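See below for the structure under consideration.
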Amino acid sequence: MPTGTSPFRCPDHAVSRSEPRGCAARNFPLNNSINQLAILGAAPSFAQPLHVGRPNIANRERFLERTVQMLDRRWLTNNGPLVQEFEGCIAQFLGVKNCICVCNATVGLEIAIRAAGLYGEVIVPSYTFIATAHALQWQEITPVFADINPATHNLNPAQIERHITPRTTAILGTHVWGRPCPVDALAEIAQRRGLRLMFDAAHAFGCSHQGRMIGGFGLAEVFSFHATKFLNSFEGGAITTNDDSLATKIRLMTNFGFSGYDNVIHLGTNGKMTEVCAAMGLTNLEGIEDLVAVNRRNYEAYRAGLAGIPGVALMPYDSAERGNYQYVVVEVDEGTASLTRDELVKVLHAENVLARKYFWPGCHRMEPYRSYYPNAHLLLPETERIAVRILVLPTGTAMSVQEVQTVCQIIAAAVRHASEVRAALNTRARTKPG
Ligand code: T4K
């Protein structure tokens, strides 16, 4: 259903497309001169910071209504009616047989990994959020980092087999930025080499691959509904699977292994989602088409505003698939832009645009992995190259088109005046106290 209409669209509760942020963008003229950049001494373009990951909040009244009903019921957690409704809606929306909501995606990954019986070594990307690797290492399973395809930022199937050893039990791919992994190629390797295949789908709620919604690929997929995610439930996540017996096990493990009162039949933990989180998730799910529309509108404004800026390339989305457009990802080529990604980030931060360097420096360069595998970088040349070139720009319902245009104008001005910017940054670094 790549282009179909969501049954959860809720026109009565449409999201506000340009929520007031309490600060207007200063009008940044198109033909700005260098002294208008904050890094060169001007006032910042934005009075308040523009964040990457400002939460989307679809309909406050509907959320509050659900919350009041929840309080009246005095049922706050432990598989309450809102969680059950949320699970049903997600399963239907994704076209997957089972959905188990969890307190966050990190715990969801830990549970799914354990329920699927992974052990030994598991092949993962290093170019992902640290939780992907931690969910394995937390259970003393070794994450083995494989390199990515620089065009997609996802696992490169051609790099997988060199990492397979007798201890390898699975491949855990991440659909980075919501763009699908090469699912078929990974499934082929997994099948041929007797490995299990799972996906960290934290970024990919509402995205499709070859017309099928992400959520039903591999043994299981794990979504994040963290506040910064496309669809948020404050904190939260969901494990989806078409394997009924795996789903039963996951459900047990999410609730301490309880099967009815006083009867524990499995090892488990506390991975439960609360009712208030489900209320938020359900409300945002109802407004999902509006959330996509705002993200897409902003993405198109970025595309227009960044077009033609030398050395600054906006990551494309496949318009034939459903996407959530949650991440505005830019690759900076220093050779052409005459600025590094890090220099551009400093320019943007000075303007109160808090661009992020996700997923720098890569999991393999963070602890404990850096100490465990000091030479991992030797097999990760593309991860190393991409991690120093990528920046992520703010978007979402807290951001207006005018603000997007201003961000683009800042970037254009920075590149146009790269040598002055670099000189100013060097002077700053020399004169910085301490
Ligand atoms: N797998 C992948 C591939 C992931 O990306 C993630 C999470 C996970 C697994 C694990 O999912 P969870 O266990 O979290 O469900 C943020 C998020 O905390 C994290 O959920 C997310 N990935 C990651 C990509 O980004 P930080 O350390 O960058 O978060 P932080 O606190 O700097 O927040 C980002 C920005 O959002 C800030 O500039 C402020 C703004 N913000 C944040 C919150 C929480 C708000 O404006 N309001 C808010 O309520 O990790």
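Keep in mind that what you see is a predicted model, and the values were worked out from it rather than measured.
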- [ ] Quick one: list whatever passes side-chain contact (heavy atoms from CB on, under 4.5 Å) with A185, sequence neighbours left out.
- [x] P157, P182
Open item on the list: How about CD on Q191, more than 12 heavy atoms from neighbouring residues, nucleotides or ligands closer than 6.0 Å, or not?
Closed with: no
TODO: Assess whether side-chain hydrogen bond (donor to acceptor under 3.5 Å, both in side chains) is satisfied between E403 and S400, documenting all intermediate values.
DONE: CA-CA 5 Å; E403 287 169 323; S400 70; 3.3 Å; yes
Can you give me every donor-acceptor pair (side chain of residues 99-119, partner residue at least two apart or in another chain, under 3.5 Å) with its distance?
{"unit_1": "N104", "atom_1": "OD1", "unit_2": "T106", "atom_2": "N", "d": "3.0"}
{"unit_1": "N104", "atom_1": "OD1", "unit_2": "V107", "atom_2": "N", "d": "2.8"}
{"unit_1": "R114", "atom_1": "NH1", "unit_2": "Q139", "atom_2": "OE1", "d": "3.4"}

TODO: Considering only NZ, NE, NH1 and NH2 on the basic side and carboxylate oxygens on the acidic side, decide whether K346 and E351 come within less than 4.0 Å.
DONE: no
- [ ] Using only heavy-atom distances, determine whether the side chains of Q326 and T395 contain a donor-acceptor pair under 3.5 Å.
- [x] no
Open item on the list: For R296, give me all partners under side-chain contact (heavy atoms from CB on, under 4.5 Å), at least two apart in sequence or on another chain.
Closed with: E300, S319, Y325
- [ ] Tell me whether the centres of the aromatic rings in H364 and Y127 are closer together than 6.0 Å.
- [x] no
TODO: Using the ring-ring contact (aromatic ring centres under 6.0 Å, His included) rule, collect all pairs that involve residues 56-78, keeping only residues at least two apart or in two chains.
DONE: F63-F234
- [ ] Determine which pairs satisfy ring-ring contact (aromatic ring centres under 6.0 Å, His included) with at least one residue from residues 190-226, sequence neighbours left out, and list them in order.
- [x] F86-F225, F93-F205, H175-F199, W177-H203, H203-Y327, H203-F359, F205-F223, F205-F225, H209-F217
Task: Salt-bridge criterion met for K97 and D243 (N-O under 4.0 Å) - done: no
Task: Set of side-chain contact (heavy atoms from CB on, under 4.5 Å) partners for T248, sequence neighbours left out - done: none
TODO: Assess the side chains of D244 and N98: does a donor N or O sit below 3.5 Å from an acceptor N or O?
DONE: yes
